[in-house]
Amino acid sequence: MSEKIKITLPDGSERQYDRGVTAMDIAKDISEGLARNVLSAKVNGEVRDALRGIDKDARLELLTWNNEEGKATMWHSSAHLMAEALEALYPGVKFGIGPAIESGFYYDVDFGDQQFDSENLKQLEDKMLELARQKNEYLRKEVSKTDALAYFQEKGDEYKLELIDELEDGTITFYTQGNFTDLCKGPHIPNTGFIKAAKILSVAGAYWRGDESKKQLTRLYGITFPKQKELNEHLEMLEEAKKRDHRKIGQELDLFTFSQKVGKGLPLWLPKGAILRERLENFLKKAQVKAGYDQVVSPHIGGKELYVTSGHYAKYGEDSFQPIRTPAEDEEFLLKPMNCPHHCEIYKSRPRSYKELPIRYAEFGTVYRYEQSGELHGLTRVRGFTQDDAHIFCRPDQVKEEFAKVIDLILYVFKALGFADFTTQVSLRDPDNPGKYIGKDEDWERAEAAIQEVANEKGLKTVVETGEAAFYGPKLDFMVKDALKRSWQLGTIQVDYSLPERFELEYTGSDNLKHRPVMIHRAPFGSLERFVAILIENTAGNFPLWLAPEQMSILPISEKYHDYAKEVFLLLQQKDIRGQVDERDEKIGKKIRDAEVKKIPFMLIVGEKECEERTVSVRAHGHGDQGSMSLNGFVDHFQGLVDELLK
RNA sequence: GCCUCCUUAGCUCAGUUGGCCAGAGCAGCGCACUUGUAAUGCGCGGGUCGUUGGUUCGAAUCCGACAGGAGGCUCCA
């Protein structure tokens with residue numbers, strides 16, 4: 001069998017190998033160093049074991065720790081390693097599923113009568129590393145369904161039996177490393193020796209197959225790395241994430257609070273948090289006016305029929321906050337879960353001509369949605385929140401231009417708020433399932449093409465996801481990475497063919513016939529609550545200067561300089577610079593410390609020298625003494641910094 | 001909603017196997033000090049130990065219910 005096959009590498013180069021060559025052989029052929037890092041391989045687009053033979057011409061990509069897929073392979077293999085360690089420590093445990101996840105892996109375990117508690121984590125980690133050092137290979141084996149069932153019957157693992165039951169004979173594979181064999185489609189890393197560091201992160205309950213009626217298993221979350229150093233860095237990052245938790249910083253900086261009496265999931269904004277919100281709103285309003293939006297206002301409740309028409313009643317009605325009834329007329333109103341139906345009615349308030357399109361209605365609309373109590377989380381998951389909502393009603397031929405304009409607006413917002421690292425996702429319809437979608441084929445085609453063209457023209461880093469579109473239209477989502485490389489979904493732009501249909505929206509065209517407009521929903525922030533939470537976690541509470549609730553604090557050295565301090569305060573107030581005079585009877589060191597802890601960007605120290613020279617001694621948060629400046633000098637410096645971000 | 005864990009002063013936390021009037025630091029209030037780049041000193045007030053039943057001679061501590069919070073509840077072998 002010395003037949004040759006052709007292997008094409010990602011750089012386009014081609015090499016000849018004997019049939020049955022493995023990705024690992026090829027890696028070794030390229031360089032030993034590469035071979036030491038190969039975790040798995042992508043063969044003609046399919047991720048496979050690096051040790052599995054290739055039997056026909058193929059495109060080959062070697063996957064290492066630097067690829068997401070390589071990491072996933074390693075983590076999935078780590079789940080097996082953890083299972084092996086568990087089986088060694090707790091004979092007779094049964095296993096559910098154990099996949100790799102975005103950051104690590106988990107395995108669902110049924111400990112039966114045995115106890116597992118968090119004190120045993122270290123022991124488990126040590127066992128994993130002990131087994132890893134044995135460098136056991138992950139061996140793949142195809143098994144018949146009968147044999148597979150027999151194996152787990154023998155083992156008494158009803159979960160695996162249930163899984164196998166749903167699989168087709170002839171497609172079933174087992175993987176074995178060391179003393180542990182698991183049902184698994186793979187792929188896996190070559191051997192356990194690649195795993196050099198392991199940490200079990202948390203223990204949680206999880207229903208078998210996510211079904212409340214089924215047994216609850218113990219889910220162990222873990223993560224592994226090829227180097228101890230990387231694990232340490234990861235743990236430091238988790239620590240840092242805890243410090244940046246918006247719930248903690250929100251309390252420390254007096255931004256928001258919750259009250260049992262008001263109700264869970266219903267945030268109360270404290271004065272400083274309210275300034276933050278207001279600044280964000282004004283900032284966006286100003287940008288939207290420039291971009292041709294009209295501000296509208298709609299009430300917090302709406303007649304039930306409104307939402308029946310829009311289709312939201314079906315989605316939010318039954319399992320949601322129940323309708324409010326008027327006592328005399330017995331009319332029903334719903335707390336509004338969405339602003340769009342109201343905006344549709346505004347559009348319908350009079351006949352529209354093609355000449356006035358696009359119409360762009362913007363509103364900071366507060367909406368209420370019932371979230372299950374277990375889903376609530378700080379400001380990111382709440383029951384009442386304010387969307388920076390807007391709806392653009394346009395002609396089908398205007399979709400592209402409107403999309404481009406919205407993208408510009410979102411990019412401007414991201415820049416002003418310091419989100420430099422982001423990607424976008426275009427969601428298109430599933431071509432195999434056209435019946436699922438509402439709207440004309442030609443409109444979809446035009447809109448989908450337009451979105452992709454604009455995204456390219458704007459140079460966005462874009463992933464295209466086919467089949468991810470909503471039934472009512474394609475969309476573009478923005479995902480930002482925060483300072484800790486965590487990904488958050490923020491802005492979204494969605495085309496909607498459904499609501500114009502449901503509300504029978506129309507405009508008169510140049511042909512004097514009635515046409516249906518296209519609606520575009522968009523929200524750069526998503527919701528103010530969620531956005532503030534992300535902003536807090538991204539900046540650790542060190543907000544951009546223009547947003548900071550307190551931009552400066554004037555710190556008099558002693559009581560003697562209070563008058564001068566107040567004079568400075570009034571002058572800065574006129575220049576729209578927010579802050580306060582720290583008139584407390586404290587030493588300057590204490591005042592500085594408190595201002596630093598509150599993350600106030602500028603501290604202006606005034607004593608005898610400043611008073612005489614009519615200057616301020618400037619200290620910048622986190623950067624120490626900046627020397628003294630004249631009053632106008634400081635104002636110019638300050639405004640220069642703000643303009644830099646907002647231009 | 002369900003599972004696990006948590007709830008002691010405004011905040012962060014002590015409180016040993018259930019046993020004298022429940023403690024500390026910070027914050028607050030009062031007094032003294034009149035201060036030069038990350039905490040001046042002294043004093044004072046503040047808690048029905050989440051709520052509510054129970055066990056006990058005796059409960060912050062043990063058990064139950066409820067409320068609130070945290071983590072999790074397919075990212076599919």
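Worth saying up front: this structure is predicted, and the values here are computed from it rather than measured. The sequence lines fix the lettering, A, B, ..., with proteins before strands; numbering per chain opens at 1.
- Phosphate proximity of B/U12 to A/Q251: present, with a side-chain N or O under 4.0 Å from OP1 or OP2.
- Residue A/R584 places none of its side-chain N or O atoms closer than 4.0 Å to OP1 or OP2 of B/A39.
- Under the Watson-Crick or G-U wobble criterion, with both distances below 3.5 Å, B/C26 is paired with B/G10.
- The partner of B/U17 cannot be assigned: no Watson-Crick or G-U wobble pair with both contacts below 3.5 Å exists in any strand.
- B/U51 sits 42 Å from B/G41 when the C1' atoms are compared, rounded to a whole Å.
- A/T171 comes within 4.0 angstrom of a nucleotide base, judged by non-hydrogen atoms across all strands.
- Look at the C1' atom in both B/A9 and B/C20: the space between them is 22 Å, to the nearest Å.
- Between A/I588 and A/D585, the residue anchored closer to the 5' end of RNA chain B is A/D585, taking for each the nucleotide with the nearest heavy atom.
- For a distance-only test at 3.5 Å, the side chain of A/R619 qualifies as a donor-acceptor partner of the base of B/A38.
- Distances shorter than 4.0 Å separate none of the side-chain N or O atoms of A/H623 from OP1 or OP2 on B/U37.
- Between B/A70, B/U37, B/G1, one nucleotide has an atom nearer to the side chain of A/K264 than all others, and that is B/G1.
- The backbone N or O of A/F180 lies less than 3.5 Å from no partner atom in the side chain of A/E87, so there is not a single donor-acceptor pair.
- Taking the P atom of each, B/G45 and B/A24 are spaced 12 Å apart, rounded to whole Å.
- On the P atoms, B/A22 is 33 Å away from B/U40, given to the nearest whole Å.
- In this entry B/A65 has B/U51 as its Watson-Crick or G-U wobble partner, both defining distances falling under 3.5 Å.
- The base of B/G36 sits with one of its N or O atoms less than 3.5 Å from a complementary donor or acceptor on the side chain of A/E610.
- For the salt bridge (Lys or Arg N to Asp or Glu O under 4.0 Å) test with A/E550, the passing option among A/K599, A/R578, A/K598, A/K272 is A/K272; the others fail.
- Counting any heavy atom pair closer than 4.0 Å across all strands shown, A/R209 reaches a base atom.
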